[in-house]
**Q** 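The structure that follows is given in the form of structure tokens.
For the numbers below, each heavy atom of this structure counts, side chains included, while hydrogens, waters and symmetry mates do not. Because the structure is a prediction, the values reported are computed rather than measured. Starting from 1, each residue takes its place in the sequence as its number.
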Amino acid sequence: MKMIKNYFDKQFELRYFEMNELGIASPTTMLTLLEETAAEHCYSINHSLYQLADQNIGWVLISGVMRMKRYPRYKEKITIRTWLSNYTTIKGYRENLIYDEQNNIIGRARGLWIFFDINRRRPTQIFDDIIEKWSFCNVESINHNISEKIEAIESPAYELKFKINKYDTDMIKHVNNIRYLQWAIESIPDHIIDQYYLHSIDGRFISEANYGQTVISMTKDDPKDSKDKSFIHSIKIEGTNKVCAQAKTIWKRLH
């Protein structure tokens, strides 16, 4: 990989409540830590998410991929390195590398974030000050097209329903992207969860879901991938054809 410039590092020590029953960090934990690192990067240039919210502005993830070689264990120390690889006037690509204590890369993630006007519910221009202070480095953390369309599911093999509660929504009053991952995983059969680990998730966030609505998590096998267990996911609002999120997951057998 080429030299990375203009990056921001955040260290974490994995805590008990972030573990699964085997003492290994969950996929939800890793997405949460990636989000926390992005928030810290905002804070480091005096544009914290709360300061932005006071101006009715926020960052919204519209697509992203996370790929894990392995998940950290309880009390393990990791470093997440993040940087911006490209900007337009309203959006930016955030890159992430996850390192263990021996400086081995154990995970990679890439996300496309839009600068968002909370009141008008539409994109708005990124502040010049943010672009200037963050700058960018055109190295990509992972070679993956996060803009490619994922087809919606019409006939799922598995499905579950979830009522959207207040704790499912975030500071810009929509369902947090991490919640969609949880809903997608919940609809996967237990024997997959027990014998495999989530190697990668590739998601698209298409439309908002709101407090009080019920969503349906729909999953089906992806026949294109024969080596590992692969699934396609759709999250829809019950009683409508409105698709909120699409995803693909790949699961590798536990050793």
**Q** Output the distance between atom CD1 (Ile80) and atom NE2 (His41), rounded to the nearest 0.5 Å.
**A** 13.0 Å
**Q** Does Asn104, at its CG atom, have more than 12 non-hydrogen atoms belonging to other residues, nucleotides or ligands within less than 6.0 Å?
**A** yes
**Q** Taking atom types as modelled, find out whether Ser141 and Glu95 have a side-chain donor-acceptor pair closer than 3.5 angstrom.
**A** yes
**Q** Nearest heavy-atom pair of Thr124 and Ile90: which atoms, and what distance?
**A** O-CG2, 3.5 Å
**Q** For Asp54, is the CG atom crowded, meaning more than 12 foreign heavy atoms sit under 6.0 Å from it?
**A** yes
**Q** Do Ser234 and Gln246 meet the criterion of a side-chain donor-acceptor pair at a distance under 3.5 Å?
**A** yes
**Q** Going by side chain to side chain donor-acceptor pair (under 3.5 Å), name the residues that satisfy it together with Glu186, two or more places apart in sequence or in a different chain.
**A** none
**Q** Give the minimum heavy-atom separation between Ile118 and Ala53, together with the two atoms involved.
**A** CD1-CA, 4.4 Å
**Q** How would you list all residue pairs meeting salt bridge (charged side-chain N to carboxylate O under 4.0 Å, His left out) that involve residues 34-50, not counting sequence neighbours?
**A** Lys10-Glu40
**Q** Under a single-linkage rule joining Ile, Leu, Val, Met, Phe, Trp and Tyr whose side-chain heavy atoms are separated by less than 4.5 Å, which residues share a cluster with Met218?
**A** Ile150, Ile153, Ile216, Ile232
**Q** Report yes or no: is the cationic atom of Arg94 (NZ for Lys, CZ for Arg) under 6.0 Å from the centre of the six-membered ring of Trp134, at an angle within 45° of the ring normal?
**A** yes
**Q** Going by atom types alone, do Ser85 and Trp83 pair a side-chain donor with an acceptor below 3.5 Å?
**A** no
**Q** So, does Tyr87 use its side chain to make a donor-acceptor pair with the main chain of Ser135 at under 3.5 Å?
**A** yes
**Q** Test of understanding: with ring pair (Phe, Tyr, Trp, His ring centres under 6.0 Å), list the residues that count as partners of Tyr71, not counting sequence neighbours.
**A** none
**Q** Within the 3.5 Å criterion, strictly below it, is a donor on Thr29 or Thr32 matched to an acceptor on the partner's side chain?
**A** no
**Q** Working to the nearest 0.5 Å, report the span between OG1 of Thr37 and CD1 of Ile98.
**A** 8.5 Å
**Q** Enumerate the ring pair (Phe, Tyr, Trp, His ring centres under 6.0 Å) contacts for residues 184-220, please, sequence neighbours excluded, ordered by first and then second residue.
**A** Tyr180-Phe205
**Q** Starting at CD of Gln213, measure out to SG of Cys244 and round the result to the nearest 0.5 Å.
**A** 7.0 Å
**Q** Roughly how far apart are Ile178 CD1 and Leu34 CG, rounded to 0.5 Å?
**A** 8.5 Å
**Q** Decide whether Thr219 and His233 meet the rule of one side-chain donor and one side-chain acceptor closer than 3.5 Å.
**A** yes
**Q** Is there any ring pair (Phe, Tyr, Trp, His ring centres under 6.0 Å) pair reaching into residues 138-169, and which pairs are they, with sequence neighbours excluded?
**A** Phe162-Trp183
**Q** Suppose we screen for salt bridge (Lys or Arg N to Asp or Glu O under 4.0 Å). Which residues come up paired with Arg73, at least two apart in sequence or across chains?
**A** none
**Q** Ile250 and Ile193: same hydrophobic cluster, using ILVMFWY side-chain contacts below 4.5 Å?
**A** no
**Q** After noting the C-alpha distance and the side-chain angles of Arg179 and Asp168, does the key distance pass the salt bridge (charged side-chain N to carboxylate O under 4.0 Å, His left out) rule?
**A** CA-CA 7 Å; Arg179 195 67 69 209; Asp168 295 317; 2.6 Å; yes
**Q** Looking at Arg204 and Glu148, would you say the former's side chain and the latter's main chain have a donor-acceptor pair under 3.5 Å?
**A** yes
**Q** In terms of hydrophobic clusters joined by side-chain contacts under 4.5 Å, are Ile142 and Ile62 together?
**A** yes
**Q** Taking side-chain contact (heavy atoms from CB on, under 4.5 Å) as the definition, give me every residue that meets it alongside Lys91, ordered by chain and number, with sequence neighbours left out.
**A** Thr88, Leu112, Ile114
**Q** Looking only at atom types and distance, does a side-chain atom of Gln195 sit under 3.5 Å from a main-chain N or O of Ile192, one as donor and one as acceptor?
**A** no
**Q** State yes or no: do Ile24 and Ile185 share one hydrophobic cluster built from I, L, V, M, F, W and Y residues joined by side-chain heavy-atom distances below 4.5 Å, directly or via other members?
**A** yes
**Q** For residues 246-255, which residue pairs pass the salt bridge (charged side-chain N to carboxylate O under 4.0 Å, His left out) check, not counting sequence neighbours?
**A** Asp228-Lys252
**Q** Under the salt bridge (Lys or Arg N to Asp or Glu O under 4.0 Å) test, which residues partner Glu13, sequence neighbours left out?
**A** Lys75, Lys77
**Q** Each residue besides Val243 in its hydrophobic cluster should be listed here, by chain and number; the cluster joins Ile, Leu, Val, Met, Phe, Trp and Tyr at side-chain heavy-atom distances under 4.5 Å.
**A** Ile206
**Q** Do Glu76 and Arg70 meet the salt-bridge criterion of a basic N to acidic O distance under 4.0 Å?
**A** yes
**Q** Could you tell me whether the side chains of Thr79 and Asp9 share a donor-acceptor contact shorter than 3.5 Å?
**A** no
**Q** Please list, chain by chain and in numerical order, all residues satisfying side-chain contact (heavy atoms from CB on, under 4.5 Å) with Phe116, sequence neighbours excluded.
**A** Val60, Arg121, Ile172
**Q** Test Trp59 against every option in Phe115, Phe127, Trp113 by the ring pair (Phe, Tyr, Trp, His ring centres under 6.0 Å) rule and name the one that passes.
**A** Phe115
**Q** Could you see if Leu61 belongs to whatever hydrophobic cluster contains Met68? Use Ile, Leu, Val, Met, Phe, Trp, Tyr and a side-chain cutoff under 4.5 Å.
**A** no
**Q** Can you tell me if Ser187 uses its side chain to pair, donor with acceptor, with the backbone of Ala184 under 3.5 Å?
**A** yes
**Q** Tell me if a side-chain donor or acceptor on Asn176 pairs with a main-chain N or O of Thr169 at a distance below 3.5 Å.
**A** no
**Q** Do Thr89 and Gln125 get their side chains close enough for a donor-acceptor pair, meaning under 3.5 Å?
**A** no
**Q** Surrounding CG of Asp128 (heavy atoms of other residues, nucleotides or ligands, distance under 6.0 Å), is the total greater than 12?
**A** no
**Q** Run the salt bridge (charged side-chain N to carboxylate O under 4.0 Å, His left out) test on Asp221 and Lys229 for me, step by step, so that the C-alpha distance in whole Å, both residues' side-chain angles and the decisive distance to 0.1 Å come before the verdict.
**A** CA-CA 8 Å; Asp221 297 275; Lys229 294 292 184 182; 6.0 Å; no
**Q** Under a single-linkage definition using a 4.5 Å side-chain heavy-atom cutoff for Ile, Leu, Val, Met, Phe, Trp and Tyr, are Ile164 and Ile237 assigned to the same hydrophobic cluster?
**A** yes
